[in-house]
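Reviewing the structure listed below.
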Amino acid sequence: MPDPILDNLNPEQLEAVTAPDGPLLIVAGAGSGKTRVITRRIAYLLRDRHYQPWQIFAATFTNKAAEEMKNRVVQLVGGRQLAHELPIATFHSLCARILRREAPALGLPNNFIICDERDQLSAVKHVMRELGIKDTEVKPSYAQEIINRCKLNMLEPEEVGQVIESRHEQTLAAIYEAYQKYIRASHALDFEDLIWMTVRLFQEHPEILERYQQRYRQVLVDEYQDINATQFLLVRLLAAGHHNIAVVGDEDQTIYSWRGADIAHLLEFEKYFPERRIIHLEQNYRSKANILRAASTLIANNRLRFNKTLRTEAPPGPPVVVLSAETEYGEAEAVAHLVAALHRHASFQYKDIAIFYRIAALSRVYEEKLRELNIPHRVVGGVRFYDRAEIKDMLAYLQVVQNPANTIALLRIINCPKRGIGDKSLERLLDEARRRGVPLYEVLREVATSGQLVSGTAATGIQRFVQSIETWREFAHNHSILELYEKIRRESEYDASLGDPAQLEVRSRLEHLDELANAITQFELSQPKATLADYLENVSLVNPTDDLRDTQNAVAMMTLHMAKGLEFRVVFIVGCSEGLLPYRRSQEEGRTEEERRLMYVGMTRARDFLVLCHCDSRAVYGERQFSPASLFLSELPTSGVLHVRAEQASFRELALLANSDGSSGEIATQGELEEAPTSSPRSQGLLGRRVRHALLGEGEIIGIEGSGRQTTYLLRLDDGQLVRLLARHAQLEVCG
DNA sequence: TGTTCGTCGATTTTT
DNA sequence: TCGACGAACA
Ligand SMILES: Nc1ncnc2c1ncn2[C@@H]1O[C@H](COP(=O)(O)OP(=O)(O)OP(=O)(O)O)[C@@H](O)[C@H]1O
């Protein structure tokens with residue numbers, strides 16, 4: 001009888017899935033079935049070892065990964081309820097759940113709110129103003145970055161020196177300290193706090209830790225190479241009693257070092273759990289051999305890695321194509337045409353195809369060209385829905401209603417729409433609040449009755465504002481989130497403040513606000529018992545595009561980071577230029593190897609066909625700049641890689657090539673031809689000869705394909721271009 | 001207090 | 001090219 005959980009596993013995979021209790025370390029390369037193993041193991045624990053869903057703590061680093069894992073487990077084990085009961089989620093979300101219950105033990109309120117990057121930046125700016133630090137002296141975004149880097153490593157303000165050495169050390173420490181005070185007073189936690197405070201909770205309250213150790217009998221971490229020091233400490237605390245901790249990782253796929261990820265933790269696992277069982281998976285089940293070889297050759301240039309074996313039994317498949325164009329428009333156009341051809345002439349559906357890029361800003365051109373050709377596509381996690389100003393404003397209203405002490409949100413909406421409460425008044429109110437050590441809202445409430453401290457217009461504005469908030473708070477007690485939202489939207493007259501609905505810009509904002517209503521409805525339907533606090537937490541931690549199901553038949557577009565863990569039959573990596581991939585700033589900060597890993601991750605997502613794109617010049621800040629090909633392109637093997645100029649490319653031919661399995665030699669690749677030339681005797685002699693073409697100039701014949709009338713030459717011109725010419729038309733002159 | 005216009009400056013990746 | 005911020009005006 002077929003067993004969905006234990007069938008279709010190789011012996012090593014099976015060993016990993018069914019390993020007995022105790023620490024388990026699985027180190028394995030791309031496409032070797034790591035995710036398959038960890039999901040099957042969870043299913044196995046549930047079905048055959050009779051664990052309850054809530055006893056399993058499975059952490060991931062992205063919402064997408066969590067969603068994917070949960071879906072797979074539910075598919076294996078079944079049960080509608082299961083999806084809600086299984087604690088498979090990101091570290092941040094698992095921690096938020098714990099803190100929501102236990103916050104009081106740390107002196108924090110249960111209804112804390114989670115502030116995102118933007119809130120964080122505005123908080124930093126706020127405290128810098130209060131401290132009288134000019135943003136020319138220290139850039140707020142820099143201060144933010146340093147604060148986060150400290151918090152990732154559980155460093156207090158006085159320890160700032162450990163992450164930077166600069167004359168600003170004192171200043172940054174002061175900002176950090178003030179920032180902490182400010183967000184605490186606002187009843188807010190930032191992303192880093194979620195992890196760190198959970199660790200602190202466990203360290204300071206052994207009895208609470210013990211409860212969670214009792215509860216979570218199995219700890220699992222996917223993509224373990226991405227773990228940072230705080231997260232590692234967290235899982236060590238949880239597993240301290242039973243040591244039932246299983247992790248899977250691949251050091252070649254560490255792409256989050258800027259979030260504190262460190263390969264060292266892979267080694268340290270063995271230090272903390274010396275009795276660990278270690279399993280290597282060495283067979284790649286995903287990619288055609290040419291793709292795997294190209295990726296392996298590339299990553300071999302990294303020094304910071306173990307030497308893993310990764311083999312495949314797959315046929316060579318089509319060559320990896322390096323597609324070059326003159327400009328980014330040419331590049332995008334070529335991509336779009338090739339996508340169309342793959343759809344039309346080959347067996348690929350749109351949803352089999354993905355386009356990856358280093359930075360999200362790059363997606364635009366490619367989107368445009370796809371749209372021009374009417375190719376359905378979806379951008380995964382581009383401009384984040386909840387990042388839009390109008391959405392953030394409305395959510396800030398909900399946050400203030402939920403917890404008026406949240407000064408961060410309060411400041412966002414106090415004069416939006418305009419209520420005549422200007423900078424001057426606000427400053428006075430904030431001073432008063434600071435002097436007395438009470439939340440800003442407290443002061444507002446008093447001013448609303450006393451009318452003191454501010455001018456007439458401001459006082460009226462405050463009065464009406466406080467009045468509204470109080471009404472909404474009352475209303476929130478016995479109404480749904482949606483009802484509350486609609487009421488706020490109506491009574492705040494926010495819509496009108498956006499301007500004339502005849503304007504396109506305004507209309508799209510209004511549409512976003514309608515979409516928010518839809519999102520709230522969806523949420524309330526899926527979680528009927530959820531509170532406003534639950535909703536706001538969900539909003540902060542889960543991007544709605546994350547759970548946009550991949551149901552549409554559309555080309556997927558995303559950053560290389562988002563691509564991790566996924567697979568597609570066809571992958572395009574666009575913008576393979578120096579400065580972009582590897583990204584200049586990363587390179588300057590000494591993280592070239594991480595950029596190479598990023599490229600490696602992208603390449604290994606492909607099953608059948610991989611296209612790496614590049615262009616000679618690109619507009620940067622509106623200015624056209626020379627854009628040399630990526631270092632990584634030069635690190636690819638010569639064999640199994642085909643270089644094509646977009647201007648000369650026949651997309652139909654490329655599409656047919658993509659469909660070939662590379663074994664019959666219908667269209668051989670450059671490398672194969674060099675190694676094993678097969679062609680008619682007459683042409684044979686030309687292979688490797690220098691020739692001159694009337695129009696194209698001189699070059700070398702590096703390949704001969706087909707025979708008879710179909711014979712074609714593959715010619716490498718002296719400028720590096722590759723062209724394919726039908727032999728009977730090619731008027732070539734042999735040189736020398 | 002609110003609006004508009006010009007200048008300047010800056011760009012990663014995710015929770 | 002876009003957006004954030006400051007100065008000058010309504
Ligand atoms: N034993 C197997 N037999 C057949 N196919 C397998 C087997 N193991 C894994 N696969 C397939 O190989 C592909 C890669 O598996 P999976 O995503 O689990 O790998 P991974 O190691 O997590 O990859 P990566 O680290 O690159 O994200 C999937 O399509 C999976 O279905």
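Just so we're on the same page: letters track the sequence lines, and every chain starts at 1.
- Nearest-nucleotide assignment on DNA chain B puts the 5′-proximal partner with A:Arg591, out of A:His92 and A:Arg591.
- Taking the ring centre of A:Phe112 as origin, the terminal cationic atom of A:Arg100 falls inside the region bounded by 6.0 Å and 45° from the ring axis.
- Take A:Gln253 and apply the side chain to side chain donor-acceptor pair (under 3.5 Å) test, not counting sequence neighbours, and it matches A:Asp250, A:Arg605.
- Residue A:Phe91 is out of contact with every strand shown, counting any heavy-atom pair closer than 4.0 Å.
- The separation between A:Leu560 atom CG and B:dT14 atom P is 10 Å, rounded to whole Å.
- The side chain of A:Met562 has B:dT14 as its nearest neighbour among B:dT14, C:dA4, B:dT15.
- Rounded to whole Å, the distance from OH on A:Tyr357 to P on B:dT14 is 10 Å.
- One can find a donor-acceptor pair under 3.5 Å joining the base of B:dT13 and the side-chain atoms of A:Arg358.
- Using atom C1' as the reference point in both C:dA4 and B:dT13, the two lie 22 Å apart (nearest Å).
- Note on A:Lys564: nothing from the nucleic acid sits closer than 4.0 angstrom, heavy atoms only.
- Which of C:dA4, B:dT14, B:dT1 sits closest to the side chain of A:Arg118 comes down to C:dA4.
- Atom CD1 of A:Ile255 and atom C1' of B:dT15 are 14 Å apart (whole Å).
- Going from atom CD1 of A:Ile114 over to atom C1' of B:dT14 covers 15 Å, rounded to whole Å.
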A:His187 and A:Asn403: side-chain hydrogen bond (donor to acceptor under 3.5 Å, both in side chains), yes or no, with the steps? CA-CA 8 Å; A:His187 294 184; A:Asn403 184 348; 3.2 Å; yes

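- Not counting sequence neighbours, the partners of A:Phe61 by the ring pair (Phe, Tyr, Trp, His ring centres under 6.0 Å) test are A:Phe91.
- Remark: A:Asn415 in residues 408-416 of chain A come within less than 4.0 Å of DNA chain B through at least one heavy atom.
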I'd like to know whether A:Asp226 forms a side-chain hydrogen bond (donor to acceptor under 3.5 Å, both in side chains) with A:Gln231, so could you lay out the CA-CA distance, the side-chain angles of the two residues, the decisive distance to 0.1 Å, and finally the verdict. CA-CA 10 Å; A:Asp226 286 330; A:Gln231 292 159 338; over 6 Å; no

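- Looking at the side chain of A:Lys418, the nearest of the listed nucleotides B:dT12, B:dT15, B:dT3 is B:dT3.
- The shortest distance between the side-chain N/O atoms of A:Thr559 and the OP1/OP2 oxygens of B:dT12 is not below 4.0 Å.
- Regarding A:Asp119, its CG atom lies at a distance of 13 Å from the C1' atom of B:dT15, rounded to whole Å.
- OP1 or OP2 of B:dT1 sits under 4.0 Å from a side-chain N or O of A:Ser425.
- Taking 4.5 Å as the limit, every side-chain heavy atom of A:Ile114 sits out of range of all side-chain heavy atoms of A:Leu536.
- Of the listed nucleotides (B:dT15, B:dA10, B:dT14), B:dA10 has the atom at the smallest distance from the side chain of A:Lys139.
- Rounded to whole angstrom, the span from the CG atom of A:Asp423 across to the P atom of C:dG6 amounts to 10 Å.
- Distance A:Asp135 CG to C:dA4 C1': 10 Å, rounded to the nearest Å.
- Residue ring and base: A:Tyr583 counts as stacked with B:dT12 (centre distance below 5.5 Å, interplanar angle below 30°).
- Between the CG atom of A:Asp190 and the P atom of B:dT15 there is a distance of 15 Å, rounded to whole Å.
- Aromatic stacking is marked for A:Trp258 over B:dT13, as both cut-offs hold: 5.5 Å for the centres and 30° for the planes.
- Note: A:Phe57 and A:Tyr216 have perpendicular aromatic rings, judged against thresholds of 30 and 60 degrees for the angle between ring planes.
- Residue A:Asp116 is classed as having no contact, given no heavy-atom separation below 4.0 Å to the nucleic acid.
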side-chain hydrogen bond (donor to acceptor under 3.5 Å, both in side chains) for A:Gln120 and A:Gln144? Distances and angles first, verdict last. CA-CA 7 Å; A:Gln120 200 184 23; A:Gln144 180 187 23; 3.0 Å; yes

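- For B:dT15, neither phosphate oxygen OP1 nor OP2 lies less than 4.0 angstrom from any side-chain nitrogen or oxygen of A:Lys64.
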